[in-house]
Amino acid sequence: ASMSTEHLRIDPADLLQRLQALGEVGDTGDGGCCRLALTEADRAGRDLVCGWMRELGLQVQIDPVGNIFGWRDGLQDLPPVMTGSHIDTVATGGRYDGNYGVLAGLSVVHALNTAGITTRHPLVVAVFTNEEGARFQPDMLGSLVFAGGLGLAEAHATRAIDGAVLVDELHRIGYLGSAPLPLARPKAFVELHIEQGPILDAEGGLIGAVHDVQGISWQALTITGQSNHAGTTPMRLRHDAGYGAAAIATFVRRLAREMGGSQVATVGALTLHPNLINVIAARAELTVDLRNTDEALLQQAEARLAGFITELAAAEGVQISARPLARFAPVRFDAGVAACIAQQAQRLGLDSRVMSSGAGHDAQMLARLCPTAMIFVPSVKGISHNPAEHTAPEHLVAGANVLLHTLLDLAA
Ligand code: HGY
Ligand code: MN
Ligand code: MN
């Protein structure tokens, strides 16, 4: 960046006020927010952000899967340098997951507008549809379509866990756009995000220069047993779907502990039918989330779970079917962009460290299209997907300044 931008910083009040205002949309009253993808609350959040983009002089474009792009012209008509993230949340979300990366992008534009600076490459702030994957699977759906990893027709036909069809929901909230898909192939993509894990908070270090994201394997399991009387049915005659679900949840916990390394496993959703105290469950529906930074190990975890399921079905006399919901291999980011992030942090006097991401992010999809990396800031106690999610204001501002100078460097 030229000398003139050396001392440029974002306006802390601008960022913190936007985070506060967006955090009040879908406010759950406990410091968190619930804006599941394509719901009324998501529409309200999208409308607020689009209004801010227009106030900042950005040209707002919406693509056919509802991705929102705020375009800022550059001095030359070159591929844009893009930043952004998501503003949909899980049902018990905090105020920073996703929102922070989008709003920091707006604060960067605000700082450039105030300083009267136009970068050589255009700049784009993006909001990707359904990053969380809580309501519609897979997660990172909008950025996956943008990157060409999922066809638009297939994405449009995706059914939510509540039965709604994605294209109908886009239409209903007014975000079924017609911008080109992809809008443009970016020169580079940088996503600023809270770490959502305990490393920066526990081990010190303020800025994470993220160089890879772990692979994700999501599946829905349906266990079909036989409902029966809880009192009269001898244990040896039972086909208990509830027991099957519990056995799978304990197996994946043991498996992850045994494999060690970065292997994690979660049974996050579980429903029993008929879910009554004196009825042996006829059916169980559960989800399994497996992740690992190494693809071969992730496949090993999947294979061992599949083997366990086969044995369990035979032993318990139940049927168990699996439906894949998302499967993304680990992604290594661009070393050059990651180095640029570390360099900007250093220039700003902020200590940084190279690290992996345990969470999935839109950046892992953009990495299919262009040089991509991420910037992390600490999450207090590593808590996320929880209303208690928190990052110190000065850390939020520091991360946004690293984003500002990384974008200036890439767009020069
Ligand atoms: O599940 C994830 O890693 C992200 O929150 N979509
Ligand atoms: Mn996120
Ligand atoms: Mn999330």
Side-chain angles (χ1 to χ4, degrees), residues 19 22-23 26 28 32-37 42 45 49 67 83-105 126-145 147 149-150 158 161 189-197 208 210 212-220 262-269 287-293 298 324-331 355-367 372 374-379 382-391 396 399 403:
L19 279 165
L22 183 55
T28 42
C33 43
C34 173
R35 291 199 304 274
L36 289 169
D42 189 22
V49 169
N67 294 323
T83 187
S85 191
H86 61 95
I87 63 167
D88 66 299
T89 71
V90 294
T92 55
R95 297 189 158 205
Y96 305 104
D97 177 359
N99 306 312
Y100 170 50
V102 172
L103 300 183
V127 181
F128 291 106
T129 295
N130 188 55
E131 186 280 341
E132 289 296 355
R135 188 180 179 213
F136 298 89
Q137 291 80 35
D139 54 344
M140 287 85 74
L141 184 142
S143 48
L144 180 63
V145 171
L150 178 66
T158 303
I161 53 172
F189 181 78
V190 183
E191 180 169 1
L192 172 62
H193 206 289
I194 53 171
E195 179 199 333
Q196 299 181 289
V210 184
D212 71 345
V213 185
Q214 56 184 358
I216 294 183
S217 163
W218 280 4
Q219 55 188 306
S262 73
Q263 184 62 47
V264 287
T266 313
V267 170
T287 58
V288 179
D289 176 326
L290 300 171
R291 308 195 195 194
N292 199 306
T293 48
L298 184 54
L325 295 174
R327 182 61 169 87
F328 301 121
V331 168
M355 59 197 295
S356 296
S357 173
H361 296 288
D362 293 310
Q364 76 188 86
M365 302 308 169
L366 271 286
T372 295
M374 292 185 75
I375 307 166
F376 274 174
V377 293
S379 290
I383 300 283
S384 183
H385 284 188
N386 177 319
E389 179 180 276
H390 186 69
T391 296
L396 294 169
L403 179 68

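Being a predicted model, the structure only gives us computed values, none of them experimental. Order of appearance sets the numbers: ligands from 1, and atoms from 1 within every ligand.
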So CG of Leu103 and CG of Leu192: to nearest 0.5 Å the spacing works out to 10.5 Å
For atom 1 (O) of ligand 1, the closest protein heavy atom turns out to be Arg291 NH2, 2.8 Å
Who gets closest to atom 6 (N) of ligand 1 by heavy atom: Gln364, Glu131, His86?
-> Glu131
What residue among Glu191, Glu131, His361 forms side-chain hydrogen bond (donor to acceptor under 3.5 Å, both in side chains) with His86?
-> Glu131
Backbone N or O of Gly208 within a donor-acceptor pair of the Glu195 side chain at under 3.5 Å?
-> no
Does even one non-hydrogen atom of His361 get within less than 4.0 Å of ligand 1?
-> no
Within less than 4.0 angstrom of ligand 1, does His385 place any heavy atom?
-> yes
Please state which protein non-hydrogen atom is closest to atom 5 (O) of ligand 1 and give its distance, to 0.1 Å?
-> Glu132 OE1, 2.9 Å
Drop me the distance from Leu366's CG to Met140's CE, to the nearest 0.5 angstrom.
-> 11.0 Å
Looking at ligand 1, does any of its N/O atoms fall within less than 3.5 Å of an N/O of Met140?
-> no
When rounded to the nearest 0.5 Å, the distance separating CZ of Arg291 from OG1 of Thr266 is 7.0 Å
Give a yes or no answer on whether the side chain of Ser143 reaches the backbone of Phe128 with a donor-acceptor pair at less than 3.5 Å.
-> no
Applying a strict 4.0 Å limit to heavy atoms, is Trp218 in contact with ligand 1?
-> yes
May I ask you to list the protein N, O or S atoms found at less than 2.8 Å from the Mn ion (ligand 2)?
-> His86 NE2, Asp97 OD1, His193 NE2
Distance in Å, Leu141 CG paired with Phe136 CZ, rounded so as to fall on 0.5 Å steps | 8.5 Å
Hey, what do you get for OH (Tyr96) to CG (Leu22), rounding to the nearest 0.5 Å?
-> 11.5 Å
Determine, stepwise, if the pair Asn292 / Gln214 fulfils side-chain hydrogen bond (donor to acceptor under 3.5 Å, both in side chains).
-> CA-CA 5 Å; Asn292 199 306; Gln214 56 184 358; over 6 Å; no
Does Asp97, backbone or side chain, put an N or O under 3.5 Å from an N or O of ligand 1?
-> no
Spatial distance of atom OG1 (Thr129) from atom CG (Asn67) [nearest 0.5 Å] | 4.5 Å
Close-contact set for ligand 1 against Ala359 heavy atoms, below 4.0 Å = 3 (O)
